[in-house]
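What follows is a set of notes on a single structure, which appears directly below.
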2 protein chains.
Amino acid sequence: MTTPRKPRGPYRKGLERRQQILRAALEVFSEHGDRGSSLKEIADHVGMSQAGLLHYFDSREELLVAVLAERDAVDVEATANVMTPGEAVARTAAHNARQRGLVDLFVTLSAAASDPDHPAHAFFTSRYANLAGQIEDGLGKAQDRDEIRTDVEPNHMARMLLALSDGLQLQWLLDPSVDMEGTIQAFNRICLPVAAEGDTSHLDRGDDS
Amino acid sequence: MTTPRKPRGPYRKGLERRQQILRAALEVFSEHGDRGSSLKEIADHVGMSQAGLLHYFDSREELLVAVLAERDAVDVEATANVMTPGEAVARTAAHNARQRGLVDLFVTLSAAASDPDHPAHAFFTSRYANLAGQIEDGLGKAQDRDEIRTDVEPNHMARMLLALSDGLQLQWLLDPSVDMEGTIQAFNRICLPVAAEGDTSHLDRGDDS
DNA sequence: GTCTATACCCGGATAGAC
DNA sequence: GTCTATCCGGGTATAGAC
């Protein structure tokens, strides 16, 4: 998506600028969310004028979705070579706890994007479908290997993990003392193969921050 | 809450108008969210002018928080006399699945309100603190009665439930095929007292809609 | 390519007539 | 209490000079 054509030749500088703007926009959007950010602020950040910025992205919307895609790429990279889905989600949570603005942006935008008319609607719907699908697959395989409990459908569990992640982000935004990672790991623990009733000693160690 | 007493005398009509506006605002906000709604639209809805509306609520913010409180009152009423926390959350989810606009408003606003400067910030922070506290209590008691598993802290579990609820709402907004209630009940099921390994027959019946 | 200037729109809030 | 008219601010987008 957005696939910026790659002209060779004199356009090189332009492409670099574009990247520069993208980075700045990511920062600014991250800090103030969608609504709170103006083109002018992003432009300032890059060190150019608002009108100059519009030379690269024809509209605000265009810039927004470009930023989203960019952010996503970073995320994917960070969790690409990771073990179990539960772990990946926990990791991301821990990482996000250092990126308040990004979390804000994400929560805000994904909600706003539920409107089919929103410029980022397609982006988010496919994003969630993909994520859910991937996680579901991962969980299914883990079930086959008896690594996790098998009495819940992978699909339900995948949706749970995603919901947990998003919901905790929201709660954390409102109250930074909320322990995103710990809570997710607690969840992961109860999805391990269920031990005999008495033997739960391995379950309750070292998570309660 | 809101308890509109009915003063006779000159104020009666005014109070009714206020209620009328509140209802209209709830509808409009529900449909287009915070950002997407204008005073004019709400006013139109009521059948009066934007300026006229401002006669009852001095500012947009004031109206917004009033609406929030109103909505909350309704919610509380709906889950007041309900059994276990997990059940209550599942119920609410089922109910919400018929109130897309409201869900949208809630998700949008709670995210936006994470900004300490947002007019609804205080409202949402205390709301979550209260909810989490209540649920935690309920779960603690359930643990004491051995109705649910005891190897997860009530606090973590409470946060999980809330996160699950919110996160699923978001996913559902983006993809209405997401089964909010079913997923929550699946979660509730894995929080029941853990049976012996072989005996999980009671766990996987009648949920996968 | 980048700027300044500006047109334009939208939404909230205010003033003042009725 | 309610309206019309108006102001004002913020934001995007455009025109046109350099």
Which pairs would a plain distance check flag for residues 123-134 of chain B, meaning a side-chain donor or acceptor within less than 3.5 Å of a matching protein atom at least two apart in sequence or in another chain?
unit_1: B:T125; atom_1: OG1; unit_2: B:H121; atom_2: O; d: 3.1
unit_1: B:T125; atom_1: OG1; unit_2: B:A122; atom_2: O; d: 2.9
unit_1: B:S126; atom_1: OG; unit_2: B:A122; atom_2: O; d: 3.2
unit_1: B:S126; atom_1: OG; unit_2: B:F123; atom_2: O; d: 3.2
unit_1: B:R127; atom_1: NE; unit_2: B:D72; atom_2: OD1; d: 2.6
unit_1: B:R127; atom_1: NH2; unit_2: B:D72; atom_2: OD1; d: 2.9
unit_1: B:Y128; atom_1: OH; unit_2: B:D166; atom_2: OD2; d: 2.6
unit_1: B:N130; atom_1: ND2; unit_2: B:S126; atom_2: O; d: 3.3

Polar atom pairs between nucleotides 6-8 of chain D and protein, under 3.5 Å, N or O only, would you list them?
none

Hey, can you pull the donor-acceptor pairs under 3.5 Å for the side chains in residues 43-53 of chain A, sequence neighbours left out?
unit_1: A:D44; atom_1: OD1; unit_2: A:K40; atom_2: NZ; d: 3.4
unit_1: A:D44; atom_1: OD2; unit_2: A:K40; atom_2: NZ; d: 2.9
unit_1: A:S49; atom_1: OG; unit_2: A:G52; atom_2: N; d: 3.0

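- Here CG of B:L54 is found 5.5 Å from CG of B:L39. Values are rounded to the nearest 0.5 Å.
- Rounded to whole angstrom, the span from the CG atom of B:L15 across to the C1' atom of D:dG1 amounts to 14 Å.
- The nearest pair of heavy atoms linking B:V152 to B:M157 is CB-CE, 3.8 Å.
- When distances run from any side-chain atom of A:L54 to the nucleotides D:dA13, D:dT2, C:dG1, the shortest one goes to D:dA13.
- With sequence neighbours excluded, the residues forming a side chain to side chain donor-acceptor pair (under 3.5 Å) with B:T108 are B:D104, listed by chain and number.
- The interatomic distance linking B:D34 (CG) with C:dG11 (P) rounds to 13 Å, in whole Å.
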Please list, pair by pair, any protein nitrogen or oxygen found under 3.5 Å from a nitrogen or oxygen in nucleotides 15-18 of chain C.
none

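- In this structure, B:R17 places its CZ atom 9 Å from C1' of D:dT2, rounding to the nearest Å.
- Rounded to whole Å, atom C1' of D:dA13 lies 13 Å from atom CD of A:E62.
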Sequence neighbours left out, cut at 3.5 Å: what donor-acceptor pairs do the side chains of residues 20-33 of chain A make with other protein atoms?
unit_1: A:Q20; atom_1: OE1; unit_2: A:R17; atom_2: NH1; d: 3.0
unit_1: A:S30; atom_1: OG; unit_2: A:L26; atom_2: O; d: 2.4
unit_1: A:H32; atom_1: NE2; unit_2: A:E41; atom_2: OE2; d: 3.0

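- What separates CZ of B:F57 from P of D:dG1 is a distance of 13 Å, to the nearest Å.
- Here A:D34 pairs with A:R60 under the side chain to side chain donor-acceptor pair (under 3.5 Å) rule; sequence neighbours left out.
- Qualifying salt bridge (Lys or Arg N to Asp or Glu O under 4.0 Å) partners for B:E61, counting only residues two or more places apart in sequence or in other chains: none.
- Each ring pair (Phe, Tyr, Trp, His ring centres under 6.0 Å) pair with one or both residues in residues 163-184 of chain A, not counting sequence neighbours, would appear here, but there are none.
- Judged as a side chain to side chain donor-acceptor pair (under 3.5 Å), and not counting sequence neighbours, B:R98 has no contacts.
- A straight line from OH of B:Y56 to C1' of C:dA13 spans 18 Å, rounded to a whole angstrom.
- Regarding B:H32, its NE2 atom lies at a distance of 11 Å from the P atom of C:dG11, rounded to whole Å.
- Near DNA chain C, meaning a heavy atom under 4.0 Å away, the residues from residues 37-48 of chain A are A:G47, A:M48.
- When the P atom of C:dG12 is taken as reference, atom CG of B:L53 falls 10 Å away, rounded to whole Å.
- Residues forming a side chain to side chain donor-acceptor pair (under 3.5 Å) with A:D175 (at least two apart in sequence, or on another chain): A:S177.
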